[in-house]
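What follows is a short report on a single structure.
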There are 2 protein chains.
Amino acid sequence: MANIKEIARMAGVSVTTVSRVLNNHPYVSKDKRAAVLQTIEQLNYTRNMNAVHLITGRTGAVAVILPYIHAFYFSIIMNGLAHEALLSQYRLILCQSNYLEEEEIKVLEMLRHKEIDGVVIVSTALKPDIIEEYTAYGPVVTCQDSGERRYSSVYIEHYAAFREGLEYLTGKGYRSIGYCEGRSNGSSAVIRQAAYREFIAEHKLAFEEEWMIYDCTTEEDGAAAAQSLLKMPQRPEAMIITGDHVAAGLIIEARRAGLSIPGDLAVMGFDNQPIGRLLQITTMDNHLYEMGAAAFRIIHEQIHSERPEPVYRKLDYRIIERSTV
Amino acid sequence: MANIKEIARMAGVSVTTVSRVLNNHPYVSKDKRAAVLQTIEQLNYTRNMNAVHLITGRTGAVAVILPYIHAFYFSIIMNGLAHEALLSQYRLILCQSNYLEEEEIKVLEMLRHKEIDGVVIVSTALKPDIIEEYTAYGPVVTCQDSGERRYSSVYIEHYAAFREGLEYLTGKGYRSIGYCEGRSNGSSAVIRQAAYREFIAEHKLAFEEEWMIYDCTTEEDGAAAAQSLLKMPQRPEAMIITGDHVAAGLIIEARRAGLSIPGDLAVMGFDNQPIGRLLQITTMDNHLYEMGAAAFRIIHEQIHSERPEPVYRKLDYRIIERSTV
DNA sequence: GCTTGCTATGGAATCCATTTCATACTTTAC
DNA sequence: GTAAAGTATGAAATGGATTCCATAGCAAGC
């Protein structure tokens, strides 16, 4: 395959001039530019981008760390990221970590190896201290609230959002509220648990330990949760559920068992997913697309800034009132 | 940042020896290896992978072209791809094209620029001839049946699979069958339409043009389709629907309107999605995860083979009988 | 004792583009 | 008329690795 040297030789100019043509530098005469372009055409030449990356120290790529893509929550954030990346002519390298620290570190190492210009961490199993070490090699943005670290974050205030959900439910008169959560030890799950317990205590609401149901990540987990509820001697009047698809599973199963929603059981979901719209689930919209988009915009800005300062961007959220509460 | 030359100087060896240590070449004495490793540790050295990519002509990355990731169909294929990529220590570059030819070409150009080692095209708007041009620069695998082209493919026989679905329905006694499809001009959609029309004609089944409903890609499109069905003077006894989430929308809406499924309307879905399992939708499992996994395995093999021959891998499919037919 | 063959090591070429620096010719400005 | 600014061009240094080739010591084989 032809290289820049050969083009230069054939077009009768210097390598520098060819490079100038390739990069649209103004100081090239019309004739020479034309000669170079013709030779390029003739030899079907293109740059070897690896050489460009080597000498410029930039790759035009950003890696994204998330556990798995086949989950609405992550795929929507990814969608926001991808859309902005497209606009900025950046490439995204997708790394499904499955929460394996080893894999996540491997991605951060890519930053050190100069294979990528930045890293967006959508969700991680890594400790903030480890992530911080890598900020020496390039910008990092997380989609989790990590406090004021040496890397940026775009996050939802899970504590406040969850409280607002609970307040909405109590405002509607419900005095006993259950809770379905995903991974029990996830960083946002821990925050929500605290919000839940504190709110219950403050408002002296009814509470049973079994009303907190963990590891609900699929529609079927929601259906299983409904089954558990049906077997309980004391059932809560309302459920708050992180993820509309889980809420959907619970609602469908509960209805199948003859419960009326919200009459016998009120349900509030999270994430404003399409399935939630279909089932008219009252939900907390936490602007996931915007989260991804904002994360990319921040990392893009930081890549192009001389001395990037970490940014901490808080996203807003809002309740979408439909008919399951 | 330190480079290999500096390491060599500090460790008192040649650059070649450092490279040998880095690449685990056997012909390095114990002492020198130790000295090199210690210097590397001391200077916190890592290779600049761009230099490695330049000289080796490999990048260890494969690009994936798909229209959007926030759709079950694509996210599951991506999951299969990602899982295999992880096993092979390969990186995936995700390109959401939104079916913009311009963006898709850009990705193929990356192959020409040597930025990636291969391309997996999950779904595309490009003509096969254009894709074929790029096979000169590296291996390409599609997840569509493109016939015997100069690039590989992993595909489902949509014609046969769809026919089998129709046969299943007629086997159950249904004599009038409607049809919900996604993008009407999608490559697999076109094949299914043919299968549908031909099957109807062959078996002399009842048919109304309005029983073919297009552009059903979301749950809500399914719900809208249910509304259309309800308004029809002549309603089919069964519906065959490409995508369980669309089928779910249709079922939920139809039940809401008082129809009994399958009594008043039988529904057969596609893709074996979680929501389908929850609603007990009879569906056609077309092994999407396996499709992604196989696509990666093929491209990986071709990257490492001297003279890769295109491979055409046909996947099987099977009906999962549940309770909506 | 001499030929092979293996281990160990380094020099130099190679991959391919960008960019700095040096040079020289034109304009423009005062 | 001369200094300053702008245009046009190329040589050479640079980024940072891998790998071919040459050399040499040493053990085994006959």
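Just so you know, these numbers use all the heavy atoms, side chains as well, and skip hydrogens, waters and symmetry mates. Residue numbers start from 1 in every chain, and the chains themselves are labelled A, B, ... in the order their sequence lines are given, proteins ahead of strands.
Within residues 7-18 of chain B, the residues that place at least one heavy atom under 4.0 Å from DNA chain D are, in residue-number order, Val15(B), Thr16(B). Near DNA chain C, meaning a heavy atom under 4.0 Å away, the residues from residues 48-56 of chain A are Asn48(A), Ala51(A), Val52(A), Ile55(A).
Atom CZ of Arg58(A) is separated from atom P of dT19(C) by 11 Å (rounded to the nearest Å). In this structure, NE2 of His25(B) is placed 13 Å from C1' of dG10(C), rounded to the nearest angstrom. Look at CD on Glu6(B): it is 11 Å from P on dG15(D), rounded to the nearest Å. Look at OH on Tyr45(B): it is 12 Å from C1' on dG15(D), rounded to the nearest Å. The separation between Lys114(B) atom NZ and dC15(C) atom P is 12 Å, rounded to whole Å. The interatomic distance linking Leu22(A) (CG) with dT18(C) (C1') rounds to 10 Å, in whole Å. Taking atom CG of residue Asp31(B) and atom P of nucleotide dT7(C), one finds them 17 Å apart after rounding to whole Å. Straight-line distance from the CD1 atom of Ile4(B) to the P atom of dG11(C): 13 Å, rounded to whole Å.
Among all heavy-atom pairs drawn from Ser146(B) and Ser153(B), the shortest one is N-OG, 4.5 Å. In plain terms, the two heavy atoms of Ala125(A) and Glu101(A) that are nearest each other are O-OE2, 3.6 Å. For the residue pair Leu108(A) and Tyr134(A), the shortest heavy atom distance occurs at O-CD2, 3.5 Å.
Across dC6(C), dT18(C), dA17(D), the shortest atom-to-atom separation from the side chain of Ser19(A) is found for dT18(C).
Using a 4.0 Å heavy-atom criterion, one finds that Lys5(B) contacts no nucleic acid atom at all.
Ring geometry for Phe74(A) versus Tyr68(A): interplanar angle over 60°, hence perpendicular rather than tilted (30 to 60°).
Thr135(A) contributes a side-chain N or O that, together with a main-chain N or O of Glu132(A), makes up a donor-acceptor pair within less than 3.5 Å. At distances below 3.5 Å, at least one donor-acceptor pair connects side-chain atoms of Asp145(A) with backbone N or O atoms of Gly147(A). Of the possible donor and acceptor atoms, one in the side chain of Thr142(A) sits under 3.5 Å from a partner among the backbone N and O of Gln144(A).
Two rings, from His70(B) and Phe72(A), have their centers 6.0 Å or more apart.
Sorted by first and then second residue, the ring-ring contact (aromatic ring centres under 6.0 Å, His included) pairs involving residues 11-44 of chain B (not counting sequence neighbours) are His25(B)-Tyr27(B).
When the local axes at the two ends of the helix from dG1(C)-dC30(D) to dC30(C)-dG1(D) are compared, using 5 base pairs at each end, they differ in direction by 30° after rounding to 10°.
Listed by chain and number, the residues in a side chain to side chain donor-acceptor pair (under 3.5 Å) with Asn185(B) amount to none (sequence neighbours excluded). Partners of Ser75(B) by side chain to side chain donor-acceptor pair (under 3.5 Å), not counting sequence neighbours: none found.
Side-chain nitrogen and oxygen atoms of Lys32(B) include at least one within less than 4.0 Å of the OP1 or OP2 phosphate oxygen of dG10(C). Side-chain nitrogen and oxygen atoms of Asn23(A) include at least one within less than 4.0 Å of the OP1 or OP2 phosphate oxygen of dT18(C). Checking the phosphate oxygens (OP1, OP2) of dT7(D), a side-chain nitrogen or oxygen of Tyr27(A) falls inside 4.0 Å. The side chain of Arg20(A) places no N or O atom within less than 4.0 Å of a non-bridging phosphate oxygen (OP1 or OP2) of dT19(C).
A cation-pi contact, defined as under 6.0 Å to the ring centre and within 45° of the axis, is absent between Arg112(B) and Tyr45(A).
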